[in-house]
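This report refers to the structure that appears directly beneath it.
For reference, positions follow the sequence shown, starting with 1. These figures come from a predicted structure and were not determined experimentally.
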Amino acid sequence: MSAQDDGFAPPPFKPDEALQRLKRELRALGLAEREGVFERRGVAIARVRVDGAILSAAIVKRPSRAGPQWQARTLASSAAVRDFSAELKKAMLQWGD
């Protein structure tokens with residue numbers, strides 16, 4: 001039985017609204033935004049931007065001042081945004097200070 005069969009469908013994904021929610025979450029993690037890149041103590045940690053009907057996002061493999069190596073992903077649903085946020089929180093805990 002699909003979502004269309006029972007008359008329920010998930011709400012349409014609104015990337016602009018999802019971006020604002022995600023930015024709030026990233027700031028709550030102690031990250032500061034500079035030109036679409038979120039940093040901790042001047043070191044890039046994540047970046048997010050609206051790209052059409054999706055969010056383009058990336059997390060660094062490992063924080064480094066030498067230049068970030070990005071792990072990019074596409075966020076096309078609210079669930080993907082939640083997963084990205086959870087993954088970032090987990091990575092930040094592993095990296096520590």
Side-chain angles (χ1 to χ4, degrees):
M1 184 174 207
S2 71
Q4 292 177 337
D5 294 338
D6 61 13
F8 293 103
F13 181 66
K14 298 178 181 172
D16 293 324
E17 290 177 14
L19 177 63
Q20 294 308 315
R21 275 193 316 275
L22 187 54
K23 283 183 173 185
R24 281 192 299 272
E25 288 181 29
L26 296 175
R27 284 191 296 268
L29 290 173
L31 301 178
E33 182 181 10
R34 187 177 352 173
E35 299 175 6
V37 176
F38 288 83
E39 303 174 337
R40 181 172 59 178
R41 294 187 205 113
V43 177
I45 300 294
R47 67 180 179 199
V48 292
R49 66 182 166 91
V50 173
D51 191 13
I54 60 170
L55 283 178
S56 294
I59 298 175
V60 295
K61 289 183 180 181
R62 192 96 178 129
S64 170
R65 291 195 187 276
Q69 291 183 347
W70 297 102
Q71 295 176 323
R73 55 195 41 97
T74 299
L75 311 177
S77 69
S78 295
V81 173
R82 284 190 304 271
D83 291 345
F84 176 81
S85 180
E87 181 183 342
L88 180 59
K89 287 176 189 176
K90 184 178 176 182
M92 287 180 67
L93 285 173
Q94 289 175 344
W95 296 330
D97 289 331

Test salt bridge (charged side-chain N to carboxylate O under 4.0 Å, His left out), reference Glu33, set Arg24, Lys23, Arg47, output is Lys23
Quick one: closest heavy-atom pair of [X] and [Y], and the distance?
X	Y	value
Met92	Leu29	CE-O, 3.8 Å
Phe13	Leu75	CE2-O, 3.6 Å
Ala58	Ala72	CB-CA, 3.9 Å
Ala44	Pro68	CB-CG, 4.2 Å

Can you list the steps and then say if Leu88 with Phe38 is a side chain to side chain contact (heavy atoms under 4.5 Å, CB included)?
CA-CA 11 Å; Leu88 180 59; Phe38 288 83; over 6 Å; no
Salt bridge (charged side-chain N to carboxylate O under 4.0 Å, His left out) with Arg65: which residues, sequence neighbours excluded?
none
Could you pull out all residues at least two apart from Ala76 that satisfy side-chain contact (heavy atoms from CB on, under 4.5 Å)?
Ile54
Please report the C-alpha distance between Leu55 and Leu19 in whole Å, then the side-chain angles of each, then the deciding distance to 0.1 Å, and finally whether the side chain to side chain contact (heavy atoms under 4.5 Å, CB included) criterion is met.
CA-CA 7 Å; Leu55 283 178; Leu19 177 63; 3.7 Å; yes
Passes side chain to side chain contact (heavy atoms under 4.5 Å, CB included), Val43 versus Trp95? Steps please.
CA-CA 12 Å; Val43 177; Trp95 296 330; over 6 Å; no
Once side-chain hydrogen bond (donor to acceptor under 3.5 Å, both in side chains) is applied, what residue pairs with a partner in residues 66-91 remain, sequence neighbours excluded?
Glu25-Ser85, Arg73-Glu87
What distance separates Gln94 CD from Arg62 CZ, expressed to the nearest 0.5 Å?
8.5 Å
For the atom pair NZ (Lys14) and CZ (Arg21), what is the distance rounded to the nearest 0.5 Å?
9.5 Å
